Amino acid sequence: MKLYNTLSKSIEDFKPIDENLVKMYTCGPTVYNYAHLGNLRTYIHEDILEKTLRYLGYNVKRVMNITDVGHLESDADEGEDKMLKGAKRENKTVWEIAQHYTDAFFRDIEKLNIKKADIVAKATDYINEYIEFIKGLEEKGYTYMANGNVYFDITKVEDYTKLSGMDLEQLKTASREEVSIDVHKKNPQDFVLWFTKSKFENQAMKWDSPWGVGYPGWHIECSVISLKNLGEQMDIHCGGVDHIPVHHTNEIAQTESYTGKPWVKYWWHSEFLIDQDGKMSKSKGEFLTLSLLEKKGFNPLSYRYYALNSHYRKQLAFSFDSLASAENAYMKLKSRIRSINDNADISEMELSKEAIKYKEEFKNCLEDDLNTANAITVLFNLLKADEVTNSEKIKLIEDFDKLLSLDLLKDEEVNEVHDEMAEYIEEMIQNRQEAKKNKNYQLADAIRAELLEKGIMLEDTRQGVNWKKIN
RNA sequence: GGCGCUAUAGCCAAGUGGUAAGGCACAGGUCUGCAACACCUAGAUCUCCAGUUCAAAUCUGGAUGGCGCCUCCA
């Protein structure tokens, strides 16, 4: 399998450290608000990555953190704590906020058919481990105290910017004006490992530590949670591109300083979903959520289809028009599959050479740095293929859908109506057929119009009359 | 101010040296009393300029547009 590695800035052959187990870490959500569509796009592609590895026969152990301890707006200890801000807004304790949005997150990913990570770790469950970790860094001389906070000294690290490829000298001299500067830092890139100074009187999340009562810095959780659950080295670390220059860079600095070993073999980053106004951002306030899509009548899986139709390393510009077009395509795809499903004999087990060719093509697309758009094209080509039998098609679609997770073979119960209603519909159809036979088309059309008004659409097919519920 | 990504038909989007996948929408057709469904068919020389090459959307240089990062964010 070929995979792009941010560390080398090139596509590499994927070879896990231990061939029997792929260790994978994915940065999870900060639970002070709902996940937005951009966040979810990343989780969809991470899901594809994990499922592709499993599809190719690897065992995978995947860890995801839930950030439930407050992040500040910046290391300068300014702005507002996010959890606290959420709590104030909704009149709840920070713990309630965290629980509420954690639950909402898992509901969202379930609707999108995203597999839950094997291990889901809450940041607040690892406080003692953070303290041990910071102590370890302190003993090795990587830290300093200033203004009550414990800082990591990046000048002690060789090649601090190896992931981002940025030039530290340039960063020093040319920083944007709006960025507030923490005067206590020796170097602008130094970051806080443990805070004891907080401007927020009612900061609810506090723990005792050798440096005083306070709370952990925001980079530390990913390092410690991964060390605890995956050991000192891992294969793939995932996240959004925004994490490259700061969060992941700092994770590498502290983790490799702590263990003295190279940490992550492949860094995997997903590009942004952008809005008409640019990047979608939680802190901007207004943002698109999955439940908003549902309110507008979209199927969550249409969004999954939409996301899979583009590449994870390319920005995607979101619009309701293109989502609607994706939903249309997705619904048509499902209905085509349903029509072949009706006359397929699934008991047949052996796949022909022709059918296996499609399976290979599908696999090749995913092995090519997760080219999901082309994988879907293989699916469309399969549907059109004359040389493949219907039962083989169904078998292959079942196989593909283990990965795509678009419920391709699942029939929605769109036609669920009361028995009385069903009887009524059948009766009306009979009446209409009768009218048609008598060439009374006016009556036939009137019946069709009447049913349509009740939300029932008729379809005259070669096999007979079908009806379906709309809206 | 610095770093980086990107530009393909009305829309979404693959393709990274050999003469443009796929989907949606639209149009034409088959079917149908009509409509819808389904099926078939048609449709772009790849932002612009210059260069490398027998050959470029695909490599190089430049221009222009869009976007991201350097602040918490996927």
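Throughout, a chain's letter reflects where its sequence line sits, starting with A, and its residues are numbered from 1. This is a predicted model, so every value here is computed, not measured.
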Is there a donor and acceptor pair, one atom on the side chain of D460(A) and one on the base of A35(B), closer than 3.5 Å?
yes
Quick note, I274(A) side chain, CB onward, closest among G22(B), G68(B), A74(B) is G68(B)
So, does D399(A) use its side chain to make a donor-acceptor pair with the main chain of K359(A) at under 3.5 Å?
no
Please classify the nucleic acid contact of E327(A) as base, sugar-phosphate, or nothing, using heavy-atom distances under 4.0 Å.
nothing
How far does the P atom of C5(B) sit from the matching atom of G10(B), given to the nearest Å?
28 Å
Looking across every strand, which nucleic acid part, if any, lies under 4.0 Å from S310(A) by heavy atom: base, sugar-phosphate, or nothing?
sugar-phosphate
So which nucleotide from G33(B), A74(B), C12(B) ends up closest to the side chain of S322(A)?
C12(B)
Using a strict 4.0 Å threshold on nitrogen-to-oxygen distance, state whether D407(A) and K334(A) make a salt bridge.
no
Once you apply the 3.5 Å cut-off to both distances, tell me the Watson-Crick or G-U wobble partner of C48(B), or none.
G62(B)
Does a side-chain N-to-carboxylate-O contact under 4.0 Å join E367(A) and K363(A)?
no
Is the phosphate of C39(B) approached by R336(A) (side-chain N or O, under 4.0 Å from OP1 or OP2)?
yes
Considering only NZ, NE, NH1 and NH2 on the basic side and carboxylate oxygens on the acidic side, decide whether E50(A) and K115(A) come within less than 4.0 Å.
yes
Distance in angstrom units between K314(A) NZ and A74(B) C1', rounded
19 Å
Using the C1' atoms only, state how far C37(B) lies from U30(B), rounded to an integer number of Å.
13 Å
So F380(A), base contact, sugar-phosphate only, or nothing? Heavy-atom distance under 4.0 Å.
sugar-phosphate
Distance check needed: U6(B) P versus Q315(A) CD, whole Å only.
10 Å
Using whole Å, report how far CG of N381(A) lies from C1' of G15(B).
14 Å
For A14(B), does the base pair up with any side-chain atom of N374(A) as donor and acceptor (N or O, under 3.5 Å, distance only)?
no
OP1 or OP2 of U32(B) versus the side-chain N and O atoms of K439(A): is any pair under 4.0 Å?
no
Figure out the CZ/P separation between R432(A) and G33(B), and round it to whole Å.
11 Å
Rounded to whole Å, how long is the line connecting atom CZ of F195(A) with atom C1' of C72(B)?
11 Å
Hey, is E271(A) close enough to R41(A) for a salt bridge, meaning N to O under 4.0 Å?
no
Using a strict cut-off of less than 4.0 Å between a Lys/Arg side-chain nitrogen and an Asp/Glu carboxylate oxygen, indicate whether D460(A) and K436(A) qualify as a salt bridge.
yes
Rounded distance in Å between the C1' positions of C31(B) and A38(B)
9 Å
Only pairs with both distances under 3.5 Å count, Watson-Crick or wobble alike; so what is the partner of A74(B) in this structure?
none
Please confirm whether the shortest side-chain N or O distance from N371(A) to OP1 or OP2 of A13(B) is below 4.0 Å.
no
Whole angstrom is fine here: how far is it from NE2 in H248(A) over to P in G4(B)?
21 Å
Residue K332(A), side-chain heavy atoms: nucleotide from C70(B), A74(B), A25(B) that is nearest
A25(B)
If you measure from the Lys or Arg side-chain nitrogens to the Asp or Glu carboxylate oxygens, is any gap between D47(A) and K51(A) under 4.0 Å?
yes
Counting Watson-Crick and G-U wobble pairs only, both distances under 3.5 Å, name the nucleotide matched with A55(B), or none.
none
Does R448(A) get its side chain close enough to the base of A35(B), under 3.5 Å, for a donor-acceptor pair?
yes
From R313(A), K314(A), K2(A), residue fulfilling salt bridge (Lys or Arg N to Asp or Glu O under 4.0 Å) relative to D369(A):
R313(A)
Write down the partner of G4(B) under the Watson-Crick or G-U wobble criteria, each distance required to be under 3.5 Å.
C67(B)
Write down the distance separating the P atoms in C59(B) and G66(B), rounded off to the nearest Å.
23 Å
Please report the distance separating the C1' of U58(B) from the corresponding atom of U52(B), rounded so that it comes out in whole Å.
14 Å
Can you tell me how far C1' in A36(B) sits from the matching atom in A9(B), rounded to whole Å?
28 Å
U32(B) pairs with, by Watson-Crick or G-U criteria that keep both distances under 3.5 Å:
none
For A14(B), the Watson-Crick or wobble counterpart (both distances under 3.5 Å):
none
What is the nucleic acid contact for H45(A), judged by heavy atoms within less than 4.0 Å: base, sugar-phosphate only, or nothing?
nothing
Candidates G33(B), A36(B), A13(B) - which lies nearest the side chain of A444(A)
G33(B)
In this structure, how many angstroms lie between the P atom of U41(B) and the NZ atom of K384(A), rounded?
8 Å
Suppose we call a contact any N or O donor and acceptor under 3.5 Å apart; does that hold for the side chain of N328(A) and the base of G23(B)?
no
Look at all strands and tell whether V378(A) reaches a base, only sugar-phosphate, or nothing, counting heavy atoms closer than 4.0 Å.
nothing
Have a look at H311(A) and say if it touches a base, only the backbone sugar-phosphate, or nothing, with a 4.0 Å heavy-atom cut-off.
sugar-phosphate
If you find the nucleotide of RNA chain B closest to N309(A) and the one closest to A324(A), which residue's nucleotide is nearer the 5' end?
N309(A)
Which of the following nucleotides, C12(B), G22(B), C69(B), is nearest to the side chain of T377(A)?
G22(B)
Check D242(A), N39(A), T42(A) against S270(A) for a side chain to side chain donor-acceptor pair (under 3.5 Å) and give me the one that passes.
T42(A)
I want to confirm an ordering. Mapping L40(A) and Y306(A) to their closest nucleotides on RNA chain B, which one lands closer to the 5' end?
Y306(A)
Using the P atom as the reference point in each nucleotide, state the distance between U47(B) and U53(B) in Å, no decimals.
23 Å
Rounded to whole angstroms, how far apart are CD1 on I376(A) and P on G23(B)?
12 Å
To the side chain of V246(A), which of A74(B), C24(B), C72(B) is closest?
C72(B)
Checking all strands, does K436(A) fall into the base, sugar-phosphate, or nothing category for heavy-atom contacts under 4.0 angstrom?
base
Can you check the distance between A13(B) and A20(B), where both ends of the measurement are the C1' atom (answer in whole Å)?
13 Å
